[in-house]
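Okay, so here's the structure we're looking at.
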Amino acid sequence: MPDSKLPDSKSPDSKSEHAKAGFQYSLSNLKPAAPVDKVTISFPDGAKREYPRGTTGFDIAKGISPSLAKRTVAMALNGDLADLNDPIDEDAKLELVDRDDPRALELIRHDCAHVLAEAVQALWPGTQVTIGPVIENGFYYDFFRNEPFTPEDFAAIEKKMREIIGRDKPFTKEVWDREKTKQVFRDKGEAFKVELVDAIPGEEPIKIYYQGDWFDLCRGPHMTSTGKIGNAFKLMKVAGAYWRGDSNNPMLTRIYGTAFAKQEQLDAYLKQIEEAEKRDHRKLGRELDLFHFQEEGPGVVFWHAKGWSIFQALIAYMRRRLAGDYDEVNAPQILDKSLWETSGHWGWYRENMFAAQSAGDEAEDKRWFALKPMNCPGHVQIFKHGLKSYRDLPLRLAEFGVVHRYEASGAMHGLMRVRGFTQDDAHVFCTEDQLADECLKINDLILSTYSDFGFEGELTVKLSTRPDKRVGTDEMWDHAERVMATVLNEIKAQSNHVRTEINPGEGAFYGPKFEYVLRDAIGRDWQCGTTQVDFNLPERFGAFYIDADGAKKAPVMVHRAICGSMERFIGILIEHYAGSFPLWLAPTQVVVTTITSEGDEYAKQVLAALRRAGLRAEIDLRNEKINYKVREHSLQKIPALLVVGKKEAETHSVSVRRLGRDGQTVMPTAEAIAALVDEATPPDVRRRQREAA
RNA sequence: GCUGCCGUAGCUCAGUGGUAGAGCACUCCCUUGGUAAGGGAGAGGUCGACAGUUCAAUCCUGUCCGGCAGCACCA
């Protein structure tokens with residue numbers, strides 16, 4: 001195998017031809033030639049030029065200016081990134097990509113992953129390499145090795161990586177024969193690579209990229225040399241990951257890293273991670289006394305008074321939004337397992353359900369009951385109770401339903417993934433004709449709710465289609481997916497900050513669904529709401545209504561949630577607001593405190609007035625310095641602090657200090673309370689007030 | 001569930017093969033101070049649980065429980 005290669009792996013003959021041709025057809029010297037030998041290249045500025053067929057991006061760049069060639073790391077042909085030394089065989093739009101081009105970032109990261117792999121193999125020979133793709137904020141590489149890596153190894157690996165980058169060897173590409181490739185990797189003991197070669201579709205070329213002596217199977221593209229990666233990279237963490245993402249396969253060791261074009265960008269990214277850690281809801285939940293978990297209840301929340309206050313504010317908000325359209329119901333927590341057999345859950349999801357039976361040895365009823373993992377079967381029972389007419393439809397049943405699911409131990413994560421949670425669930429029973437309208441009505445409710453909570457960023461609605469594990473006929477699925485696709489288009493047409501996507505195979509087992517993904521204050525995406533169309537469950541349970549023609553018909557059932565899990569939604573809110581809740585949600589909205597004990601009586605009067613006005617107010621009469629009390633309530637993220645001293649008591653005023661702002665304003669107490677009451681008005685109530693006015 | 005790491009006071013964390021410490025928080029005392037930490041004293045721990053090794057285990061070994069980071073899963 002050649003150890004040092006020119007940047008172009010084609011035959012030397014064709015190479016020199018290109019070089020000559022490139023010279024001949026340089027900028028100022030375009031000469032006609034046989035059309036079959038030429039390609040027309042269009043440049044971003046609109047200019048078009050002809051080049052010999054098979055010329056490379058590098059040749060073109062060099063023809064324009066050597067310094068351009070030097071700083072160009074890759075090219076984009078008709079918008080697709082490619083190796084700069086790829087021959088261009090067809091007319092194309094060409095963009096030369098330098099390190100600062102946003103598109104170069106994925107190349108920097110991908111190249112960095114290759115360098116990581118070389119470094120690891122240099123340090124620990126015998127380690128098998130597998131795959132190393134670019135991901136959202138960096139890259140990873142999966143290795144197979146008996147000894148796991150630890151973060152303590154990072155310094156050594158990074159040092160070796162800098163060495164490899166410093167050597168600045170060109171990335172060169174060869175296309176290998178499939179069998180030869182497998183033999184080479186087999187000889188090297190790279191069993192995983194052999195499997196990867198086998199997985200490449202027959203018609204695709206087997207591409208090998210060299211960086212000096214080291215090479216890897218790779219789809220590419222890469223930059224021109226390792227030196228272009230630069231110095232702004234960092235290994236982040238080490239973790240296990242299954243080979244090919246399948247839990248039946250062996251577990252590999254994954255090293256995560258990130259890389260940027262510039263050090264400032266890397267620093268900014270690391271800073272952002274730090275910021276995200278500061279608003280971790282588990283940390284804030286403890287600091288702000290909102291909730292806790294403990295060993296006896298893995299995955300179930302102990303809500304403290306302040307956290308529960310947020311929970312209640314959230315439910316109160318949702319109840320106001322449902323009023324008039326929905327009927328709120330409440331279905332039992334545990335039901336005989338036969339009901340779950342009918343629904344299909346016992347068959348599909350038994351492993352993830354909690355079951356209960358009498359704990360008494362002598363109990364006469366030893367039936368198995370299941371804790372509800374979903375509210376839908378309960379709601380179908382309510383629908384079935386009493387004969388329904390088409391005139392009753394759409395019938396919308398809502399429940400703040402507490403459900404339990406036995407989540408895998410490793411899946412649990414603070415409030416975000418728990419074993420017992422409350423869904424803001426509802427099921428709409430309707431006719432097929434009403435289906436599209438109902439979906440759109442739910443869409444309005446979801447979008448306006450997110451906006452009320454200050455999620456103003458981009459929103460994604462994903463349509464998930466039939467999974468492998470499913471019930472119902474293909475005709476049912478065809479129909480349901482058709483309706484949903486139409487609705488999706490309508491959703492997109494209605495709003496300008498909504499993006500839509502299709503998620504093939506991700507639907508629920510009983511029907512396709514929409515998933516609503518909101519973006520929080522620091523740009524993270526969270527899937528919350530969902531609308532699921534179900535042509536199966538009503539039939540399975542024998543639910544029907546009497547249609548206008550007197551015939552029995554199965555209603556269509558729409559499952560929908562806005563927040564999804566209230567617990568999780570509060571977790572998201574905590575991180576979104578970084579614990580500084582808007583006044584209408586804040587557990588304690590205002591604290592009254594004193595400068596000296598002389599103010600106690602007046603402070604109590606102010607407190608009483610605040611509470612009469614409906615505000616969640618507390619008082620702090622502790623014998624502490626005002627500095628200390630201000631600090632403490634600021635750390636507790638109390639939105640408003642009313643300080644009263646001798647002066648305020650004499651003038652019936654308060655000194656108002658707002659969280660996040662320096663200084664304070666003295667104003668008449670009545671005026672301060674009125675302003676707070678106004679600000680504490682929930683956004684939906686305010687909207688209604690405005691509409692009424 | 002899998003891989004790796006972790007579990008000491010309410011919180012953040014030191015520490016040791018001879019049954020433990022700091023800061024903050026807490027309680028009491030002094031201090032009445034005008035907007036992000038005033039001072040002093042005190043109380044607080046079966047060192048996650050259970051086995052094993054040892055004269056002796058919080059420390060070593062094993063199992064279990066719980067957590068963290070990923071992966072897998074998410075009706």
Side-chain angles (χ1 to χ4, degrees), chain A residues 135 140 142 147-152 236-256 280 282-283 286-287 289 292-299 340 343-353 372-377 403 405-414 416-419 423 467 469-471 506-511 513 527 530 532 534 537 559 564-565 568 593-600 622-636 641-648 655-659 661-666:
Chain A
I135 50 171
Y140 65 79
D142 283 348
E147 284 289 294
F149 299 102
T150 75
E152 280 81 71
M236 303 297 290
K237 56 195 169 201
V238 54
Y242 296 108
W243 166 236
R244 318 208 86 190
D246 185 333
S247 56
N248 298 312
N249 286 340
M251 184 150 273
L252 309 169
T253 300
R254 174 171 296 180
I255 297 180
Y256 284 92
D280 187 314
R282 292 165 299 185
K283 183 171 177 283
R286 190 169 52 238
E287 289 171 359
D289 195 19
H292 86 268
F293 291 91
Q294 66 187 47
E295 288 202 11
E296 293 84 348
W340 305 105
S343 71
H345 291 98
W346 195 261
W348 293 126
Y349 291 102
R350 204 167 91 88
E351 305 304 310
N352 298 307
M353 288 170 68
K372 66 176 176 183
M374 293 196 91
N375 303 298
C376 20
V403 296
R405 300 177 180 182
Y406 186 80
E407 300 285 0
S409 57
M412 276 156 344
H413 181 91
M416 301 305 190
R417 192 84 178 267
V418 286
R419 284 186 175 155
Q423 292 180 314
K469 220 163 103 171
R470 63 175 184 262
V471 294
E506 297 289 317
F509 73 87
Y510 46 71
K513 61 182 179 186
Q527 196 243 299
T530 179
Q532 312 180 353
D534 184 350
L537 213 54
H559 311 238
S565 149
R568 180 163 176 277
T593 192
T594 48
I595 307 281
T596 71
S597 54
E598 282 177 318
D600 286 6
R622 287 176 305 167
N623 174 15
E624 295 289 352
K625 285 208 165 71
I626 189 63
N627 291 13
Y628 180 87
K629 293 199 273 195
V630 165
R631 174 182 156 81
E632 207 167 63
H633 295 119
S634 300
L635 290 174
Q636 281 295 302
L641 191 59
L642 304 189
V643 178
V644 298
K646 211 168 159 184
K647 280 184 288 190
E648 287 80 7
S655 166
V656 183
R657 183 187 177 96
R658 296 303 305 262
L659 183 63
R661 277 177 240 162
D662 284 333
Q664 52 279 332
T665 319
V666 177

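The figures that follow rest on heavy atoms only: side chains count, while hydrogens, waters and symmetry mates do not. We name chains A, B, ... by the order of the sequence lines, and we start the count at 1 in each one.
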**Request:** Nearest whole angstrom, please: distance from the P of B/A69 to the CG of A/Asp142.
**Result:** 19 Å
**Prompt:** What is the distance from CZ of A/Arg417 to P of B/C71, rounded to the nearest Å?
**Reply:** 12 Å
**Item:** Closest to side chain of A/Tyr510, choosing from B/C71, B/A75, B/A37
**Value:** B/A75
**Request:** Give the nucleotide from the list B/A75, B/C2, B/G34 with an atom nearest to the side chain of A/Glu648.
**Result:** B/G34
**Asked** Across all strands shown, which nucleotide pairs with B/C64 by Watson-Crick or G-U wobble geometry, both distances under 3.5 Å?
**Response** B/G48
When you measure from the side-chain N and O atoms of [X] to the phosphate of [N], is any distance below 4.0 Å, counting only OP1 and OP2?
X: A/Arg244; N: B/A72; value: no
X: A/Lys629; N: B/A37; value: no
X: A/His413; N: B/A69; value: yes
X: A/Arg350; N: B/A75; value: no
X: A/Lys237; N: B/G70; value: yes

**Item:** Six-ring centre of A/Phe509, A/Lys469 cation under 6.0 angstrom, axis tolerance 45°
**Value:** no
**Nearest-nucleotide comparison on RNA chain B, the residue closer to the 5′ end among A/Ile626 and A/Ser247** = A/Ile626
**Which residue lies more 5' along RNA chain B, comparing A/Gly645 with A/Asn352 via nearest heavy atoms** = A/Gly645
**Request:** Look only at the side chain of A/Arg419 and the backbone of A/Tyr406, and say whether a donor-acceptor pair between them is shorter than 3.5 Å.
**Result:** no
**Message:** If we ignore hydrogens and angles and just use 3.5 Å, is the side chain of A/Lys629 paired with the main-chain N or O of A/Arg622 as donor and acceptor?
**Reply:** yes
**Asked** Using 4.0 Å as the upper bound for N to carboxylate O, is an ion pair formed by A/Asp246 and A/Arg244?
**Response** no
Pick out the pairs of N or O atoms, protein on one side and nucleotides 23-28 of chain B on the other, that lie under 3.5 Å.
from  : atom 1 : to       : atom 2 : distance (Å)
B/A25 : OP1    : A/Tyr628 : OH     : 3.3

**Request:** Would you classify A/Arg286 as touching base, sugar-phosphate or nothing, given that sugar-phosphate means primed atoms plus P, OP1 and OP2, and contacts are heavy atoms under 4.0 Å?
**Result:** sugar-phosphate
